[in-house]
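For reference, the structure is listed below as structure tokens.
Source: prediction; values computed, not measured. Count residues from 1 along the sequence. All values below were derived from every heavy atom in this structure, side-chain atoms included, with hydrogens, water molecules and symmetry-related copies excluded.
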Amino acid sequence: FNRIALALKDKGYLVFSVFSSGTMEEIRTVTGRGLRYYSSDELAALLADNFQVINLESQTKTIYFPTATSVLQHIRKTGVGGVSEKKWSLKMFKEFERRYVAEYLSTDGLPVTYVSTFVVAEKLPKVGS
């Protein structure tokens, strides 16, 4: 955010969306691996040095899939499936499937949760400007 602030004029706006903590939490719980996502509070703190947050809100969406295979296919299509270089064996997949179904299966299917945070922030004027 410091580099972005340098590129913006005073009172310029930074508007973005980003996945936040809670995204794909089911996968992290079952595998013990996942990407690091910032919480809304962490994002606000990171922005505070250079920006006044005008609006910051999060939205949660859960998508349901019929099988563990379809969950993994969906994740691969998103482009964020490469958290680990390790290839899964059939035994590893079966264990993932067993745990995912045991912990998360509902009448809607197997969930994958996304938390999106939307931010509008205004660059603070430089001291002495």
Side-chain angles (χ1 to χ4, degrees):
F1 292 125
N2 290 335
R3 288 180 37 196
I4 292 170
L6 290 172
L8 282 175
K9 294 180 180 180
D10 286 351
K11 298 202 166 252
Y13 286 93
L14 172 61
V15 179
F16 67 96
S17 65
V18 64
F19 287 127
S20 298
S21 59
T23 295
M24 293 194 208
E25 191 60 36
E26 302 89 352
I27 306 300
R28 179 186 298 279
T29 299
V30 171
T31 66
R33 290 187 214 105
L35 295 175
R36 163 81 163 91
Y37 296 104
Y38 292 103
S39 70
S40 295
D41 289 342
E42 290 171 320
L43 286 170
L46 289 169
L47 289 162
D49 286 344
N50 297 297
F51 295 92
Q52 176 186 353
V53 175
I54 306 299
N55 189 41
L56 188 149
E57 58 186 75
S58 294
Q59 185 178 83
T60 301
K61 180 174 181 164
T62 303
I63 303 170
Y64 292 90
F65 297 89
T67 66
T69 299
S70 59
V71 167
L72 294 175
Q73 288 170 339
H74 166 76
I75 291 169
R76 185 174 21 160
K77 288 179 184 176
T78 68
V80 297
V83 174
S84 172
E85 295 291 320
K86 188 175 184 179
K87 298 280 185 191
W88 282 16
S89 65
L90 180 58
K91 182 180 177 182
M92 291 170 69
F93 168 73
K94 290 293 186 187
E95 179 61 14
F96 167 80
E97 181 178 46
R98 184 193 67 73
R99 287 192 61 204
Y100 206 98
V101 168
E103 293 185 40
Y104 292 106
L105 183 63
S106 73
T107 56
D108 294 324
L110 294 169
V112 176
T113 300
Y114 292 93
V115 180
S116 300
T117 298
F118 306 91
V119 179
V120 177
E122 182 179 21
K123 183 181 173 185
L124 296 169
K126 293 178 197 147
V127 176
S129 293

* Asked: Who pairs with Arg3 by side-chain contact (heavy atoms from CB on, under 4.5 Å), at least two apart in sequence or on another chain?
  -> none
* Is there a chain of hydrophobic side chains (I, L, V, M, F, W, Y, each step under 4.5 Å between heavy atoms) that links Phe16 to Val53? -> yes
* To do: Find out whether Thr29 and Tyr100 are in side-chain contact, i.e. whether some heavy atom of one side chain is under 4.5 Å from a heavy atom of the other.
  => no
* Could you list who else is in Leu124's hydrophobic cluster, with ILVMFWY side chains joined at under 4.5 Å, directly or through other members? => none
* Asked: Does anything in residues 45-69 pair up under ring pair (Phe, Tyr, Trp, His ring centres under 6.0 Å), and if so which pairs, sequence neighbours excluded?
  -> Phe65-His74
* For residues 103-119, pull every pair meeting salt bridge (Lys or Arg N to Asp or Glu O under 4.0 Å), keeping only residues two or more places apart or in separate chains. => Arg99-Glu103
* Asked: Does any pair with a residue in residues 47-75 pass salt bridge (Lys or Arg N to Asp or Glu O under 4.0 Å), and if so which ones, sequence neighbours excluded?
  -> none
* Asked: Which residues pass the side-chain contact (heavy atoms from CB on, under 4.5 Å) test with Ser17, sequence neighbours left out?
  -> Phe118
* Check side chain to side chain donor-acceptor pair (under 3.5 Å) between Thr69 and all other residues, then give those that pass, not counting sequence neighbours. => none
* Can you name the residues that form a side-chain contact (heavy atoms from CB on, under 4.5 Å) with Thr107, not counting sequence neighbours? -> none
* To do: Output the distance between atom CZ (Arg28) and atom OG (Ser21), rounded to the nearest 0.5 Å.
  => 9.5 Å
* Those residues that, when tested against Phe93, pass ring-ring contact (aromatic ring centres under 6.0 Å, His included) (two or more places apart) -> none
* **Partner set under side chain to side chain donor-acceptor pair (under 3.5 Å) for Glu42, not counting sequence neighbours** => Arg36, Ser39
* To do: Answer whether the closest heavy-atom distance between the side chains of Leu72 and Trp88 falls below 4.5 Å.
  => yes
* Decide if atom OH of Tyr114 counts as having more than 12 heavy atoms of other residues, nucleotides or ligands within a radius under 6.0 Å. => yes
* To do: For Thr113, check side chain to side chain donor-acceptor pair (under 3.5 Å) against everything at least two apart and list the hits.
  => Glu26, Thr62
* Looking at residues at least two apart in the chain, or sitting in another chain, which of them share a side-chain contact (heavy atoms from CB on, under 4.5 Å) with Lys11? -> Glu122
